[in-house]
Amino acid sequence: MDISNSDLVFNVAQLLKERIGATRKFQLEAPDLVLDDGNEEADLNRLEARNVRGDVKVTRLGDGLLVQGSVDAAVQFQCSRCLDTFDLPVDANLEEQFQPTVDVMTGYAIQRAEFEENDAAFPIDSNHMMDLTEPVRQALLVALPMKPLCREDCKGICVECGANLNEWDCGHVQAKANDRWTGLRELRLDDFPAGGNVN
């Protein structure tokens, strides 16, 4: 699935003609960016970043370009405790390499020996366009929390009636600790002197 975002594509032909060490600065700005890989069966679960913004510095290398910078966005999540949806601000850093597929001076395709190929580098297309969509997508995905919370003190939902406990107290007694651990909770460190034998 092609997730290329035209707001994150830049022409780097002029920079590729310049000396090693030359730099350019680009501002990133995209209203939205799909973060999942498109394997979702339903669009309802699609993970999207909104108001994607950032700044990158692009440096000319001997065999391509180095992109360094930062990006931030708002990602809509479902809270892992109360299941409410909320917008979470996400900040991420970028540092990626790009390699041209066509020589900017001659227009011929670049043939690289196997030892020269950089599998981690992204391609610059035959029109000398550098697409930052995939690096930005990957950077934001890595920065996402594993268990997003709408707030640190989220109370979650009632296990009996499903009420959101952040909004109101339904009056049900919440689940007690598992009785299997009662014996362990009653143990005291004094019962086990350091270096002593336990009978």
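Counting from 1, the numbers follow the sequence of the chain as shown.
A 4.5 Å side-chain heavy-atom check between E18 and R24 finds at least one atom pair inside the cut-off. No side-chain heavy atom of F77 sits less than 4.5 Å from a side-chain heavy atom of L149. Side-chain atoms of T59 and L65, non-hydrogen and from C-beta on, never get closer than 4.5 Å to each other. The side-chain heavy atoms of D72 and P89, taken from C-beta on, include no pair separated by under 4.5 Å. The shortest side-chain heavy-atom distance between V67 and F98 falls under the 4.5 Å cut-off. Looking at heavy atoms from C-beta onward, N164 lies out of side-chain contact with K155 at the 4.5 angstrom threshold. Counting only heavy atoms from C-beta outward, the side chains of L165 and C158 approach each other to under 4.5 Å. For the pair T101/I110, no side-chain contact is recorded, criterion being any heavy-atom separation below 4.5 Å from C-beta on.
Rounding to the nearest 0.5 Å places CG of L28 at 8.5 Å from OG of S70. Atom CD of residue Q76 and atom CD of residue E48 lie 9.0 Å apart, to the nearest 0.5 angstrom. A distance of 7.0 Å separates CG in L94 from CG in L132, rounded to the nearest 0.5 Å. Rounding to the nearest 0.5 Å places CE of M130 at 5.0 Å from CZ of F26. Annotation: the span from I20 atom CD1 to R60 atom CZ amounts to 6.5 Å, rounded to 0.5 Å. In this structure, the separation between CG on N51 and CG on D32 is 9.0 Å, given to the nearest 0.5 Å.
Considering all non-hydrogen atoms of both residues, C154 and R81 come closest at O-NH1, 3.0 Å. The minimum heavy-atom distance between P135 and D131, with the atom names listed, is CD-O, 3.9 Å. Looking at every heavy atom in both residues, A92 comes nearest to A143 through CB-CB, 4.0 Å. Here the shortest heavy-atom pairing between V102 and H128 reads O-CE1, 3.9 Å. The shortest heavy-atom contact between W168 and A163 is CZ2-CB, 3.7 Å. Between C82 and I157, the closest heavy-atom pair is O-CG2, 3.5 Å.
In the hydrophobic clustering of this structure, L141 groups with L8; members are Ile, Leu, Val, Met, Phe, Trp, Tyr whose side-chain heavy atoms approach within less than 4.5 Å, directly or through other members. L35 and F122 fall within a single hydrophobic cluster, where Ile, Leu, Val, Met, Phe, Trp and Tyr are joined by side-chain heavy atoms under 4.5 Å apart, directly or via other members. Clustering ILVMFWY residues whenever any of their side-chain heavy atoms sit less than 4.5 angstrom apart, transitively, puts F10 in the very cluster that holds I124. L144 and L33 fall within a single hydrophobic cluster, where Ile, Leu, Val, Met, Phe, Trp and Tyr are joined by side-chain heavy atoms under 4.5 Å apart, directly or via other members. Hydrophobic clustering, with ILVMFWY side chains joined whenever heavy atoms are under 4.5 angstrom apart, groups V104 together with V58.
Residue-environment remark: CD (E167) exceeds the threshold of 12 foreign heavy atoms within 6.0 Å.
A side-chain donor from one of D63 and Q99 sits under 3.5 Å from a side-chain acceptor of the other. Using a 3.5 Å distance cut-off with no hydrogens or angles, the side chains of R151 and N166 do pair a donor with an acceptor. If you check the side chains of N127 and D125, you find no donor sitting under 3.5 Å from an acceptor.
Side-chain atoms of S80 come within 3.5 Å of backbone N or O of P148 as a donor-acceptor pair. Of the possible donor and acceptor atoms, one in the side chain of Q78 sits under 3.5 Å from a partner among the backbone N and O of L83.
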Verdict with reasoning, L61 to Q97, per side chain to side chain contact (heavy atoms under 4.5 Å, CB included): CA-CA 9 Å; L61 303 178; Q97 287 189 36; 4.1 Å; yes
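Between E29 and R53 a salt bridge is recorded (basic side-chain N to carboxylate O distance below 4.0 Å).
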